[in-house]
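Have a look at the structure below before the remarks.
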Amino acid sequence: MAAALALGGCTASPPADQPPTGRPVPAGGLRLVAFDSCDEALRQIRAAARAAVGPWGLGPNHDMLRFSAESGVDGGAAKAAGPASTPDFSGTNVHEAGVDEPDLVKTDGRRIVTYGRGVLSVVDPVTRRQTARLALDPAAERFSGQEGNLLLHGDRALVLLRAGTVPKSAVPGRRPAPGMVGQARLVLVDLAAAPRVVGEYWIDGRMVDARQVGATARIVISSGHRLEFPQPSGKRTDAQRTAANRAVVDKATLDDWLPRYEVRDSVRTVGSGRVGCDRVSRPAGFSAASMLTVLSFDLAAPALGAGDPVTVFADGDTVYSNGQRLYIANDQRWRAWRAPSPAARDDGTEIYQFDTAAGTPRYVAAGSVPGWLINQYALSEWDGHLRVATTIGDRWGRGNASQSGVYVLRADGPTLKRVGAVTGLGKGERIHAVRFIGGSGYVVTFRETDPLYSVDLRDPAKPRVTGELKINGYSAYLHPAGDGRLIGVGQDATDRGRVTGTQVSLFDVADPARPTRIAQHHVAGGWSEAEHDPHAFLYWPPERLMVIPVRQPGVDTDRPDGTKRQPSGGVLALRLGDKSFTVAGAVDHPGSLADGGEWAPIRRSLMIDGVLWTVSDAGLKATALAGMTSLAWVPLA
């Protein structure tokens, strides 16, 4: 622990008047360099911030300009492994097999672990009873939306909380700057007996995402500066405000930028510090407004430790990993919103590649593509090439200049070099869903109708569109179902593009030149969480069963007992035939929490030993697939 916490130290400092220098990070990357010393780090960070700060401050909420090289700085359903007695179960629906993603419920077949409203709950799927409850954030128990996500390994659960109160010991004598997001909090819980907290880790910033391979969890944190600029005065000119803000930058220290962390065991703080200067790198051009930190934790270890941080002066909002490599992408979406013209809205997506095969993540390369991403499914690595689907033009629907494309990149030294591209997809539309399967890609664009494009990516240098299908509505999530079948979940729409409710489509993509829709199911007025969060989607191949939560508006009329009908928030279960859907049934939960509180829709579904479990804040229900009959209701007390 002492060695790990020593990462907050600095290396020897050169003379203050030494010109800008930097040590290339092994394998390089967009001229990504590490700082030679803490003094040199502070000098370069101040210089970058000075050039980028404007009359209203520094960062995406202000008039930020990028600091370029000319300014003086060198130029992202599995079967359980284990004993034969372990029942079959469905894991979290993830992008890449073997790379787990955080979600609000996890199971290893022996237990179901959920987190909601500040409480970690454990349910035994055999006795169908809640066996444990551990309050981790009592203030969140009475409010919906105050949720965290989980990762699970053996008898350990890592709870990822996206925000929290800054511990006093972590920030002595300081208060967060107005633009700060707060802190991310990681809680390691031992589940071997009664759940107990064995460690906590707090760090400045917000949780972007996480990935887990085996016992190793990689957590991506985005943090900002802690500079406190003077409140703008109407009597000052922009030049005067900028000068005052630069004066703040000139007095700032590394503590105003580098992420701080605190490590706790079950009862006390065992160490605190900030990310060390030797763990921080920057590209040739940066603004000093934001940082990305990748943390690594061994969930099988006795304690969390200092997280082995690696920090880059960059921003990011999308994480993708295939286990061997982790990519973080930043699509500059705030720039697109503020841009005065369509041409200015076409800032590209920056992509950073890290090697995560073993040990500390190692920066490998960086690159960029035009346009912006819809989500992590717009990224996929295959045969050493990264495929990226983006939309360029106006993402906010203010014009007809948008179109989409697929770009193929490969690491060439420090650069993710473009080796091929196919563009011009869905002119006047934007991407709603992407799925890459081996050497093929499927892209859905939409404005009034839904073109589903088939893209042949087997030759990275010459990707090409092989087929196109136009139907009303769109798919927001695509899921492979084997045998040349693809499931789409989204919205049906009229000929003019007005959405009319949840649409589930079954596509035959066996012939890449002729993709067809062979089945459709429509829920009038419906909406599914699976449209924007694929973790809400369940496909269980042994039963060819698809389950999604579907919400429908209720009828707001008085009942005889004086109550009003709540919106429906159950799940829809469909079985896939060769060319059809068959409704297997539906599941509903009690409409309110155990304490008589607010409505709690079903959020997740999972399978354990042939039983369908559905999860809401109110509790879990076990349902037999035969006839979709209820077996047990387990309220989360």
Side-chain angles (χ1 to χ4, degrees), residues 1-9 100-102 106 108 111 113 115 118-120 122 132-137 148-172 182-221 223 258-276 278-279 293-311 326 356 358-362:
M1 175 69 75
L5 294 179
L7 292 175
D100 202 10
E101 302 174 11
K106 291 289 177 180
D108 56 7
R111 57 168 76 94
V113 186
Y115 182 84
V119 176
L120 182 78
V122 182
R133 181 182 190 275
L134 179 64
L136 297 177
D137 187 3
N149 282 321
L150 302 168
L151 292 172
L152 186 66
H153 177 76
D155 290 327
R156 295 290 182 86
L158 184 65
V159 186
L160 313 177
L161 303 178
R162 296 185 180 274
T165 303
V166 179
K168 292 181 180 179
S169 58
V171 195
Q183 285 204 332
R185 177 188 175 201
L186 315 180
V187 184
L188 185 63
V189 179
D190 188 279
L191 302 172
R196 62 186 182 91
V197 175
V198 295
E200 293 193 28
Y201 185 96
W202 297 69
I203 186 169
D204 290 339
R206 65 177 177 88
M207 197 86 58
V208 178
D209 213 334
R211 295 295 182 269
Q212 178 186 345
V213 177
T216 302
R218 313 282 187 186
I219 317 297
V220 180
I221 303 292
S223 59
L258 300 187
R260 301 161 300 188
Y261 60 83
E262 178 177 301
V263 185
R264 301 172 62 91
D265 61 15
S266 59
V267 294
R268 66 187 186 281
T269 299
V270 296
S272 62
R274 70 161 190 253
V275 175
D278 58 321
R279 291 302 186 101
T293 298
V294 181
L295 303 170
S296 301
F297 296 100
D298 181 358
L299 302 188
L304 282 174
D308 199 17
V310 175
T311 297
L326 182 140
T356 54
T360 303
R362 180 176 62 89

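Heads up: numbering here begins at 1 and tracks the sequence.
- Counting heavy atoms from C-beta on, the side chains of L258 and T311 never come closer than 4.5 Å.
- Summarising the geometry of T356 relative to P361, their closest heavy-atom pair is CG2-CB, 4.1 Å, with the distance given to 0.1 Å.
- For the pair D108 and K106, the salt-bridge criterion is not met [side-chain N within less than 4.0 Å of a carboxylate O].
- M207 and A184 get closest at one heavy-atom pair: CE-CB, 3.8 Å.
- Residues G205 and I221 share a closest heavy-atom pair of CA-CG2, 4.1 Å.
- Between L299 and Q212 there is a side-chain heavy-atom pair separated by less than 4.5 Å.
- Closest of all the heavy-atom pairs between R218 and G359 is NH1-O, 2.9 Å.
- Expressed to the nearest 0.5 Å, how far CD1 of I203 lies from OG1 of T293 amounts to 5.0 Å.
- In this structure, R211 contributes its side chain and L326 its backbone to no donor-acceptor pair below 3.5 Å.
- F297 contributes atom CZ, which lies 9.5 Å from atom CG of L188 (distance to the nearest 0.5 angstrom).
- In terms of modelled atom types and a separation under 3.5 Å, the side chain of D204 and the main chain of R260 share a donor-acceptor contact.
- Applying the side-chain contact (heavy atoms from CB on, under 4.5 Å) criterion to V213, with sequence neighbours excluded, gives V99.
- Interatomic distance, CG of L161 versus CD of E200, reported as 8.5 Å (0.5 Å rounding).
- Counting heavy atoms from C-beta on, the side chains of L158 and I219 come closer than 4.5 Å.
- Between Y261 and Y201, the ring-plane angle classifies as parallel under the 30° and 60° cut-offs.
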What pairs of donor and acceptor atoms, side-chain ones from residues 190-199 against any protein atom, are under 3.5 angstrom apart with sequence neighbours left out?
residue: D190; atom: OD1; partner: A192; partner atom: N; Å: 3.0
residue: D190; atom: OD2; partner: R156; partner atom: NE; Å: 3.2

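- Within the 4.5 Å cutoff, the side chain of D308 has heavy atoms near those of the R279 side chain.
- For the atom pair L150 CG and L120 CG, the distance stands at 6.0 Å (nearest 0.5 Å).
- With salt bridges taken as basic N to acidic carboxylate O contacts below 4.0 Å, none links R185 and D137.
- Among residues two or more places apart in sequence or in another chain, the salt bridge (charged side-chain N to carboxylate O under 4.0 Å, His left out) test is passed with D155 by R110, R111.
- In this structure, A217 and L151 approach most closely via the heavy-atom pair CB-CD1, 3.9 Å.
- In this structure, L160 and Y115 have side chains that are not in contact, with every pair of non-hydrogen atoms separated by 4.5 Å or more.
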